[in-house]
Amino acid sequence: MKKNSKEFEELRAQFEHDLVKGENMPYVGAQPEREPRDSHYYYTNGQINDLFIVYMAGYQNAKCLARIGDLNLNE
């Protein structure tokens, strides 16, 4: 998945939705504020940035498992 691709932006929007809604996400006490597109980071808050990196890793792991047939996802 490439940064700023449609898939990336959809994942980012879902992450922000999940973070604000608080479902299965830790409380961080801050709103997700995005960094500029050319930045090496995703969010201004370091804790939220780290959570998004882990969120992306989980997403990619689920995609990989779906491709080898161990998980059924509707892609």
Side-chain angles (χ1 to χ4, degrees):
M1 171 176 37
K2 292 184 181 180
K3 187 176 180 181
N4 301 323
S5 68
K6 181 181 179 203
E7 180 183 22
F8 176 83
E9 292 302 328
E10 288 173 352
L11 181 66
R12 198 173 190 179
Q14 185 63 49
F15 168 76
E16 291 170 0
H17 172 77
D18 292 345
L19 186 66
V20 171
K21 200 168 183 185
E23 292 183 4
N24 299 319
M25 298 288 277
Y27 176 75
V28 293
Q31 292 295 320
E33 294 178 24
R34 294 180 177 194
E35 285 280 346
R37 284 183 171 255
D38 59 344
S39 175
H40 295 289
Y41 299 101
Y42 305 107
Y43 293 95
T44 56
N45 182 299
Q47 187 177 12
I48 293 176
N49 198 60
D50 292 343
L51 284 173
F52 182 62
I53 292 169
V54 172
Y55 194 88
M56 281 193 302
Y59 173 78
Q60 293 290 25
N61 186 46
K63 278 183 60 175
C64 181
L65 290 173
R67 285 189 184 131
I68 62 173
D70 289 346
L71 181 66
N72 292 322
L73 294 176
N74 296 325
E75 292 190 76

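Hydrogens, waters and symmetry mates are skipped; everything else that's a heavy atom, side chains included, is used.
For E33, there are no salt bridge (Lys or Arg N to Asp or Glu O under 4.0 Å) partners at least two apart in sequence or on another chain. Every residue was checked against the salt bridge (Lys or Arg N to Asp or Glu O under 4.0 Å) condition with K2, not counting sequence neighbours, and none meets it.
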Tell me, with the steps shown, if Q14 and H17 meet side chain to side chain contact (heavy atoms under 4.5 Å, CB included). CA-CA 5 Å; Q14 185 63 49; H17 172 77; 3.7 Å; yes

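Here the NZ-CE distance, from K6 to M1, works out to 14.0 Å after rounding to the nearest 0.5 Å. The CG atom of N45 sits 10.0 Å away from the CD atom of E35 when rounded to the nearest 0.5 Å. Note that CD1 of I48 is 9.0 Å distant from CD of E16, once rounded to the nearest 0.5 Å. The line from OG1 of T44 to CD of Q31 is 10.5 Å long, rounded to the nearest 0.5 Å. Between the OH atom in Y55 and the CG atom in D18 there is a gap of 3.5 Å [rounded to 0.5 Å]. One finds the CZ atom of F52 at 10.5 Å from the OH atom of Y59 (value rounded to the nearest 0.5 Å).
Around the OH atom of Y41, the shell of radius 6.0 Å holds no more than 12 heavy atoms that belong to other residues, nucleotides or ligands.
Ring planes of F15 and Y43: tilted class, angle from 30 to 60°.
Judged by distance alone, the side chain of R12 and the main-chain N or O of Y42 form a donor-acceptor pair under 3.5 Å.
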